[in-house]
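Below is one structure; the comments refer to it alone.
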Amino acid sequence: MKKYLIFLVSVIVLGVVLNFFMNSYIQAVFISFMINAIMALSLNFITGLADQFSLGQAGLMAIGAYTSAVLNKEFFNNDWTMIPIGVLAGAFMAAGAGYLISLPSFRLKGDYLAIVTLGMAEIVRVVLLNWNHVGGPRGYNAITKFPEFYFSFGFAVLLLTFTFMTMYRLKFSWFGRNLWAINEDDIAAEVMGLNVAKTKRRAFVISSFFAGLGGGFYSHHLGYISPGSFGFIISVQILIVAVLGGLGSLSGSIVAALILTFLPEALRSVQTGSLDLRMIIYPILLIVMMIVRPQGLFGRKEISLSHFGLTKFKARGSNE
Amino acid sequence: MSKLLSVDNLSIQFGGLKAVDDVSFHINKSELLGLIGPNGAGKTTVFNIISGFYKADSGKINFEDQDITEANAAEVNHFGLARTFQNIRLFKTLTVLENVLMALQQRKHNGSFKDWFSSLLNTKSHQQLELNLKLEALELLKIFELDTFAQEEAGSLPYGAQRKLEIVRALATKPKLLMLDEPAAGMNHQETQELNELIRFIKNKFNLTILLIEHDMKLVMNICDRIVVLNRGKKIADNIPYEIKNSPQVIEAYLGKRKHE
């Protein structure tokens with residue numbers, strides 16, 4: 001009980017600080033961070049825990065984003081109080097799409113699966129590009145936003161907490177154990193009586209759901225989406241966050257999202273004349289990171305939330 | 001004696017190679033059957049067909065009067081067959097306890113909605129179920145004196161203990177028939193001796209029927225009730241160990257024909 005209270009208080013304090021003492025630029029970056037974290041978590045669930053390499057996260061994000069945006073504009077008369085329903089609908093839509101994709105593609109493994117999911121994301125993008133009703137290449141404009149920052153912030157925290165807690169519980173449950181087992185040795189897992197294909201499909205549907213959730217909120221955060229916002233490069237960026245945090249470490253994904261969202265922004269100020277140092281420092285940092293800690297910041301471990309001041313590491317998984 | 005498993009006219013072909021050619025045999029209840037043969041005789045292939053990894057080109061497999069010819073590996077396990085592997089396939093970075101838990105939970109967590117929500121909400125009944133599973137797993141580990149390693153990573157165990165753990169994990173799925181694929185591979189004399197006792201022990205303790213593939217002749221002759229010999233995909237003998245030892249066909253398969261003077 002105490003840890004929930006500490007969490008709640010720190011969120012409120014953070015919200016108050018951001019709302020009253022920070023400018024709207026930093027507020028927006030902070031929300032971007034939480035969206036990135038949700039996206040990285042959704043990818044980490046399928047790629048980190050179940051070891052199924054997916055490159056289609058941006059496609060699922062697009063499905064969530066467009067569903068939520070269109071729903072709000074066409075059916076809810078731009079009513080901002082209906083945003084949560086739209087976002088949830090987007091998540092379910094993405095989960096449904098994820099299920100359909102998983103049916104044929106989870107016979108494949110590794111790189112092949114990555115290519116199929118990548119192709120799926122491209123199909124989604126191209127369909128949106130040619131769909132005039134949702135703007136086509138011009139994108140979808142004037143999507144309802146939350147009127148005040150603290151609504152937006154509160155909703156983002158809610159979504160991120162929901163995402164994290166669901167995945168955290170699942171990771172340390174029977175389902176997580178099954179995923180670890182598949183990750184380690186899928187043949188042995190099957191011999192234990194586990195339906196491996198079904199388990200992978202379920203993991204992918206869960207991952208798709210949260211990708212849709214992140215995407216849905218993304219559209220209401222920016223107020224504008226276009227097929228270009230969900231290109232291949234976005235899938236890769238999500239992957240970079242998940243890998244940097246450590247594949248299999250959920251809290252690692254959040255920390256990595258924090259770093260990789262704020263770092264490029266912080267490096268903007270380093271820009272000197274015509275020389276854009278940002279584009280030099282950022283990749284170098286990533287390369288150094290991959291050399292020094294190839295398993296990511298946290299490997300597979302989690303930061304224990306029970307000690308907020310003391311970051312205590314739970315011995316879990318290896319790679320250390 | 002009643003038959004537990006019967007294999008009838010099993011054949012499989014890989015390209016031009018008939019890996020298993022019209023093999024039939026059966027295992028009686030609580031019998032310890034050895035499956036031997038020279039390298040490449042098709043022993044492991046037979047194993048893989050029975051356990052659902054390969055689909056036989058022709059033939060039938062019956063287990064307790066149920067046809068399991070078409071069943072996949074996971075379904076075969078649910079019928080009550082468990083197997084180990086020639087090269088150890090543990091979940092290496094999971095702890096010893098989690099390895100056993102993973103096998104145990106396949107019978108307890110069926111993936112129903114209730115199952116999902118109770119684990120998401122971490123309800124009391126879910127915690128109780130997890131606790132019971134852990135206790136059951138620990139008890140099983142204790143029988144095999146592996147409980148002291150419970151929290152260690154499976155991959156860090158000594159070789160002999162890893163072999164043992166693989167057997168424990170297979171037992172955790174509560175099989176009626178345990179299929180061991182070369183359990184003594186890579187073991188020294190003393191470890192093989194211990195394995196000998198271990199196999200006898202689990203057979204009695206869990207009231208099991210065992211199908212054993214093994215190269216170590218001493219072990220096979222020692223513990224098997226009956227032996228089936230394969231050579232080049234064909235069954236060449238099916239008898240008690242003493243007869244097998246003196247069968248000219250078997251000796252020929254292993255050592256070649258004696259030259260006539």
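In what follows, every chain begins at residue 1, and chains take the letters A, B, ... in the order their sequences are listed.
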Requested in this report: Determine, step by step, whether B:M102 and B:F91 satisfy the side-chain contact (heavy atoms from CB on, under 4.5 Å) criterion, reporting the C-alpha distance in whole Å, the side-chain angles of both residues, the deciding distance to 0.1 Å, and the verdict.
Outcome: CA-CA 9 Å; B:M102 193 272 163; B:F91 307 126; 3.6 Å; yes
Given heavy-atom pairs under 4.5 angstrom as the criterion, report whether the side chain, backbone, both or neither of [X] touches chain A.
X: B:R107; result: side chain
X: B:A82; result: neither
X: B:E130; result: side chain
X: B:L121; result: backbone
X: B:T173; result: side chain
X: B:D115; result: both

Query raised in the report: Where do A:R202 and A:F175 land on the side-chain contact (heavy atoms from CB on, under 4.5 Å) test, with the steps shown first?
Result: CA-CA 10 Å; A:R202 283 174 169 178; A:F175 189 71; 4.0 Å; yes
Report summary line: Under 4.5 Å to a heavy atom of chain B? For A:I182 that would be neither
Query raised in the report: Tell me, side chain or backbone of A:T166 under 4.5 Å from chain B's heavy atoms, or both, or neither?
Result: both
Report summary line: Given B:L104, B:L101, B:N99, B:V76, the one with more heavy-atom pairs under 4.5 angstrom with chain A than any other is B:L101
Report task. Count the heavy-atom pairs under 4.5 Å between each of B:G155, B:A172, B:A170, B:S119 and chain A, then report the option with the highest count. Result -> B:S119
Query - is_close_aromatic(A:F209, A:F45), centroid dist under 6.0 Å - result: no
Requested in this report: Flag the pair A:F210 / A:F162 as yes when their ring centroid distance falls below 6.0 Å, and as no otherwise.
Outcome: yes
Query raised in the report: Between A:Q57 and A:T117, is any side-chain donor less than 3.5 angstrom from a side-chain acceptor?
Result: no
Requested in this report: Carefully, step by step, assess B:L195 and B:I223 under the rule side-chain contact (heavy atoms from CB on, under 4.5 Å).
Outcome: CA-CA 10 Å; B:L195 182 74; B:I223 60 174; over 6 Å; no
Requested in this report: Would you check if the side chain of B:E166 reaches a backbone N or O of B:R89 as a donor-acceptor pair within less than 3.5 Å?
Outcome: yes
